Amino acid sequence: MSAKKTSPDTGKLDGIVAAARREREQREQGYREQALKLYPWICGRCSREFSRANLHQLTVHHRDHIHDNNPPDGSNWELLCLYCHDNEHARYLDEPVAGAATPDGKTEPAAKHNPFANLKDLLNRKP
């Protein structure tokens, strides 16, 4: 008895992906509009001010990085410009690498080389 390999129904998959994208865009529009009503149109990091003309460059950042955590009081949101938002997410992604924990639970410093390790010896050396 041989199993037949069937190709996935691309039409059905495309429909599922399109529906998921629509739902995400609707969800984002909901909390974005709420955040824009709650907060002044100023980047929370660089203090850049926005008007209707450039409001599309102002984004909603989730402080806990959970995009489905959207309390109606806006306590998990902050408005950031595109650049500060990208920087914040880059910092979030780089953080585990810089201060990675060892198997025993201790965090190890990001850099191990100490350029001044033998400075005292060099200074005390007589010519």
Side-chain angles (χ1 to χ4, degrees):
M1 182 162 122
S2 66
K4 289 184 179 179
K5 291 186 179 180
T6 59
S7 62
D9 184 4
T10 57
K12 186 176 179 180
L13 289 175
D14 289 343
I16 292 170
V17 170
R21 286 184 179 159
R22 276 193 308 273
E23 290 172 10
R24 186 191 71 211
E25 288 171 2
Q26 288 174 349
R27 187 173 61 242
E28 286 176 354
Q29 284 297 335
Y31 69 74
R32 177 177 163 75
E33 294 303 318
Q34 290 175 25
L36 291 174
K37 288 177 185 175
L38 286 172
Y39 296 112
W41 295 354
I42 298 172
C43 176
R45 299 290 160 86
C46 68
S47 302
R48 179 178 165 198
E49 295 184 25
F50 291 84
S51 65
R52 287 232 181 256
N54 63 355
L55 190 60
H56 63 277
Q57 296 177 358
L58 190 62
T59 63
V60 179
H61 172 66
H62 290 81
R63 294 177 184 186
D64 66 359
H65 296 270
I66 301 173
H67 291 236
D68 290 327
N69 183 8
N70 297 309
D73 65 348
S75 59
N76 188 37
W77 304 326
E78 75 181 314
L79 296 177
L80 299 178
C81 70
L82 292 171
Y83 307 107
C84 292
H85 198 178
D86 285 346
N87 185 24
E88 178 63 27
H89 279 275
R91 286 178 45 216
Y92 181 74
L93 292 174
D94 292 344
E95 184 177 300
V97 174
T102 58
D104 60 357
K106 296 179 183 175
T107 56
E108 202 162 306
K112 295 183 180 207
H113 175 70
N114 183 356
F116 304 109
N118 65 344
L119 182 63
K120 186 175 181 181
D121 295 334
L122 290 173
L123 291 173
N124 288 337
R125 190 180 339 168
K126 295 181 183 176

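Every value quoted in this text rests on a predicted model; they were computed, and no experiment measured them.
Listed for the Asn54 side chain is a donor-acceptor partner under 3.5 Å among the backbone atoms of Ser51. Checking side-chain atoms of Trp41 against main-chain N and O of Glu49 turns up no donor-acceptor pair under 3.5 Å.
Taking both residues in full, the closest heavy atoms of Cys81 and Leu58 are given as N-CD1, 4.0 Å, listed atom of the first, atom of the second, then distance. Taking every heavy atom of both residues into account, Cys84 and Arg45 meet most closely at SG-CB, 3.6 Å. Between Gly74 and Tyr39, the shortest heavy-atom distance links the atoms O-OH, 2.5 Å. Closest of all the heavy-atom pairs between Thr59 and Arg32 is CA-NH1, 4.0 Å. Contact between Asn69 and Asn76 at its shortest, heavy atoms only, is O-ND2, 2.8 Å.
The aromatic rings of His89 and His61 sit perpendicular to each other, their planes meeting at more than 60°, with 30° as the lower class boundary.
Hydrophobic clustering (side-chain heavy atoms under 4.5 Å, transitive across Ile, Leu, Val, Met, Phe, Trp, Tyr) keeps Leu80 apart from Tyr83. Follow the hydrophobic side-chain contacts under 4.5 Å out from Val60 and you reach Leu55 in the same cluster.
Of the N and O atoms on the side chains of His62 and Asn70, at least one donor lies less than 3.5 Å from an acceptor on the other residue.
Atoms CG and CH2, from Asp64 and Trp77 in turn, are 12.0 Å apart once rounded to the nearest 0.5 Å. Once rounded to the nearest 0.5 Å, the distance linking SG of Cys43 with CG of Leu79 reads 8.5 Å. Remark: Asn118 CG to Leu123 CG distance equals 9.5 Å, nearest 0.5 Å. In this structure, the separation between CZ on Phe50 and CD1 on Ile42 is 9.5 Å, given to the nearest 0.5 Å.
The side-chain heavy atoms of Arg63 and Glu88, taken from C-beta on, include no pair separated by under 4.5 Å.
Arg48 is linked by a side-chain hydrogen bond (donor to acceptor under 3.5 Å, both in side chains) to Gln57, counting only residues two or more places apart in sequence or in another chain.
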